[in-house]
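Worksheet: the structure to be examined is printed underneath.
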Amino acid sequence: MKQEQLGVNWGKWGEDDERGAANRVTPLATKRGIAASISGEVLSLAVPLSSSGPAFGMRSKPQHYMTRDGGDYAAGHKEKGFGFADDVIMLPTHGTTHMDALSHIWAGGRMWNGYSSNTVTSKGAKKCGIDKMGPIVTRGLFLDFAGPDGVSQSDDHSISLDELKAEFARRELHAEEGDALLIRTGWLKRWREGEATVQKWAGLNPECAQWIDEQGFALIGADNIAVEFGPSPLKCNAAPMHVELMRNRGVVFMELLDFEQLATTGRSEFMFVVSPLPIVGGVGSPINPVVVL
Ligand code: UVW
C-alpha cells in the first residue's frame, strides 16, 4: 500500500478497533456532556420520518405501512380484552437524519483502521458496522454559520478553516477530547424553502479535516447531506473530507440534522445524546440526535 493511503489515526485505538474517534467519548467526556446541560430543556435534531418524504437525492422516501390497524378490528378481528396496532418501516439508512458507519467510506480499497473494502459484502459490513458504534452521550458544540451574521447564506460557500476557527473564537468555545461538533450551514432550511438542491450544498471545506481531529472531536454533524461542501472542489476525489476525517482519522459523521429550533436558543454548548440503531453489519443508521439544553 502506498504511504499516502495510510490513515493518520489507524491503530490509535488498537489494531482491531472498529469505533474510531468514538473512543474519545470516555466516561469523563460523558460527564462533561451531562454537566453542559443548564435548563434541562430537551430538543430533537431529527427530520421526521414519513412515507410522504422528504427524499434526498438517490435515497428514497421511507415506506411505512400497517400490519395491524383499526380497520382489522372493524372487519371483525378480535383480541382478548385489548386491541393493538403494528407497523413496518423500510428506509434507506442514509436517507434521513443519520450516522455513517466507519464502513461507509473507503479509498484505495481501505476503510478506517486499514480494513479492506472487501469486508463489506452483500451481507453487510464484517468490520466497522454501525452496530459497533453504540450509544453516545457527550458535550455538543454548535456553530451556526447560517445565522443573521453567518458566512453561509448561500450554497456557493464552502466554510474555510479560518472561518471555522473565527467562529470558535467569537463564541469563546474550546473543544475538549470527545466533544461533538455540530455545524449549521443553512442548507436544510434552504432546501425546505425550495432554494437548495442536492446538486450543490454549503459545507465545510476539506482543509478543516486535520484541525477538527486535532481538537479531539469524536463526532461531527451538519444540516446538509455530506458535512463537507459539495460538489467536491477536487477533480480526483468526490468526498475528500469523508476520506480525510472519517476514513483516515475515524471521526464519526452525522448528516441531515435539523438545527432550526436549536438555532433559536442562542446556545452553543449543551449535552448531546445520540445512538444509532444496532443494525448488525449496517453501513449507516437513522438517528434521533437529542440536545439537552
Ligand atoms: C456519501 O457521502 C456517499 O454518503 P453520506 O452523505 O451518507 O455520507
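Read the numbers this way: they start at 1 and go in the same order the structure lists the ligands and their atoms. Note that these values count all heavy atoms, side chains included, but never hydrogens, waters or copies made by symmetry.
Of all the listed residues (Met99, His104, His94, Met58), His104 holds the heavy atom that lies closest to atom 4 (O) of ligand 1. Comparing Glu228, Met254, Met241, Glu255 by heavy-atom distance to atom 5 (P) of ligand 1, the nearest is Glu255.
Taking the six-membered ring for Trp and thresholds of 30 and 60 degrees, Trp211 and Phe168 have ring planes more than 60 degrees apart, a perpendicular arrangement.
In this structure a side-chain-to-backbone donor-acceptor pair under 3.5 Å is present from Glu228 to Met241.
With a heavy-atom cut-off of 4.0 Å, Met246 does not touch ligand 1 at all.
The shortest distance between side-chain heavy atoms of Arg171 and Glu269 does not fall below 4.5 Å. Within the 4.5 Å cutoff, side-chain heavy atoms of Phe259 are placed close to those of Leu45. Taking 4.5 Å as the limit, every side-chain heavy atom of Ile183 sits out of range of all side-chain heavy atoms of Val227.
Below 4.0 Å from some heavy atom of His242 lie the following atoms of ligand 1, by number and element: 2 (O), 5 (P), 8 (O).
Remark: ligand 1 and Ile225 share an N or O pair separated by less than 3.5 Å (distance only, no angle test).
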